[in-house]
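As structure tokens, the structure follows; a few thoughts come after it.
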Amino acid sequence: MEIRLAKEDEKYGIVDSFISGDKVKVILDDGTEMMCRISGKVMKKFWVKVGDVVLIKPWITGKRGDIIHVYTPSEAQWLKKNGYIKNLKF
């Protein structure tokens with residue numbers, strides 16, 4: 001099983017709430033909140049729910065971003081166990 005890891009400009013987060021159909025509020029691993037858009041590619045592959053661990057690619061502004069990957073519960077546990085996620089509670 002190959003797990004998608006964050007590149008240098010990507011961040012881990014957890015979905016906190018839905019704002020509209022494709023917009024969600026995400027709490028990042030460093031504790032900040034970010035408004036994110038669920039990209040069409042992700043919508044076709046994954047069902048995004050509150051509490052899911054996601055991979056975010058921030059926009060240049062830094063206050064918003066795109067969800068580019070949704071982790072399964074077992075993948076999220078592996079990320080936490082191996083130290084990639086430090087502060088998220090799930």
Side-chain angles (χ1 to χ4, degrees):
M1 175 169 98
E2 192 170 318
I3 296 177
R4 169 86 158 75
L5 298 176
K7 296 176 183 165
E8 61 186 59
D9 61 337
E10 298 170 346
K11 300 179 180 190
Y12 298 106
I14 190 165
V15 177
D16 184 49
S17 62
F18 277 84
I19 296 169
S20 67
D22 67 339
K23 306 237 183 334
V24 296
K25 184 170 79 171
V26 174
I27 299 174
L28 301 179
D29 197 28
D30 61 6
T32 60
E33 291 182 359
M34 183 180 280
M35 175 134 15
C36 295
R37 178 180 64 176
I38 305 169
S39 68
K41 185 177 179 181
V42 171
M43 274 188 180
K44 291 177 185 175
K45 288 185 178 181
F46 304 103
W47 186 266
V48 181
K49 303 175 294 300
V50 172
D52 281 349
V53 176
V54 293
L55 186 60
I56 305 297
K57 181 164 180 122
W59 294 354
I60 294 172
T61 62
K63 296 180 181 180
R64 295 180 181 222
D66 288 326
I67 293 177
I68 57 173
H69 187 75
V70 180
Y71 292 99
T72 64
S74 61
E75 290 174 334
Q77 288 296 330
W78 185 90
L79 289 169
K80 188 163 185 91
K81 184 177 87 173
N82 289 293
Y84 292 101
I85 297 174
K86 296 175 179 65
N87 300 319
L88 292 179
K89 306 276 190 264
F90 54 90

Between atom CG of Asp66 and atom CE of Met34, what is the distance when rounded to the nearest 0.5 Å?
10.0 Å

For Thr32, side-chain hydrogen bond (donor to acceptor under 3.5 Å, both in side chains) partners two or more places apart:
Asp30

If the condition is side-chain hydrogen bond (donor to acceptor under 3.5 Å, both in side chains), which residues does Arg64 pass it with, not counting sequence neighbours?
none

Connected via hydrophobic side-chain network under 4.5 Å: Val42 and Val15:
yes

Check whether any side-chain N or O of Lys80 sits under 3.5 Å from a backbone N or O of Leu88 as a donor-acceptor pair, and report yes or no.
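Flag set: sc Lys80 to bb Leu88 pair under 3.5 Å.
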
Any sub-3.5 Å donor-acceptor pair from Tyr12's side-chain atoms to Leu5's backbone N or O?
no

Per the side chain to side chain donor-acceptor pair (under 3.5 Å) rule, what does the pair list look like for residues 16-29, sequence neighbours excluded?
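For residues 16-29, and leaving out neighbouring residues, the side chain to side chain donor-acceptor pair (under 3.5 Å) pairs sorted by first residue read Asp16-Lys25.
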
Among residues two or more places apart or on two chains, list those pairs meeting side chain to side chain donor-acceptor pair (under 3.5 Å) that have a residue in residues 39-50.
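For residues 39-50, and leaving out neighbouring residues, there are no side chain to side chain donor-acceptor pair (under 3.5 Å) pairs at all.
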
Any chance the rings of Trp78 and Tyr84 have centres within less than 6.0 Å?
yes

Are any of the side-chain heavy atoms of [X] and [Y] separated by less than 4.5 Å?
X: Ile3; Y: Leu79; result: yes
X: Ile14; Y: Val26; result: no
X: Arg4; Y: Glu10; result: yes
X: Leu28; Y: Ile56; result: yes
X: Tyr71; Y: Gln77; result: no

Which residues satisfy the ring-ring contact (aromatic ring centres under 6.0 Å, His included) test with Phe18, sequence neighbours excluded?
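Not a single residue meets the ring-ring contact (aromatic ring centres under 6.0 Å, His included) criterion with Phe18.
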
Restricting to non-hydrogen atoms, name the atom on Gly21 and the atom on Met43 that form the minimum distance, rounded to 0.1 Å.
O-CE, 4.1 Å

Work out which heavy atom in Val70 is nearest to a heavy atom in Phe46; give both atom names and the distance.
O-CE2, 3.7 Å

Starting from Met35, walk the hydrophobic network (Ile, Leu, Val, Met, Phe, Trp, Tyr; side-chain heavy atoms closer than 4.5 Å) and list everyone else you reach, by chain and number.
Ile19

Checking Ile85 against Val53 for the side chain to side chain contact (heavy atoms under 4.5 Å, CB included) test, could you report, in this order, the C-alpha distance in whole Å, the side-chain angles of both residues, the deciding distance, and whether it holds?
CA-CA 10 Å; Ile85 297 174; Val53 176; 3.7 Å; yes

Under 6.0 Å from the NZ atom of Lys57, do we count more than 12 heavy atoms belonging to anything else shown?
no

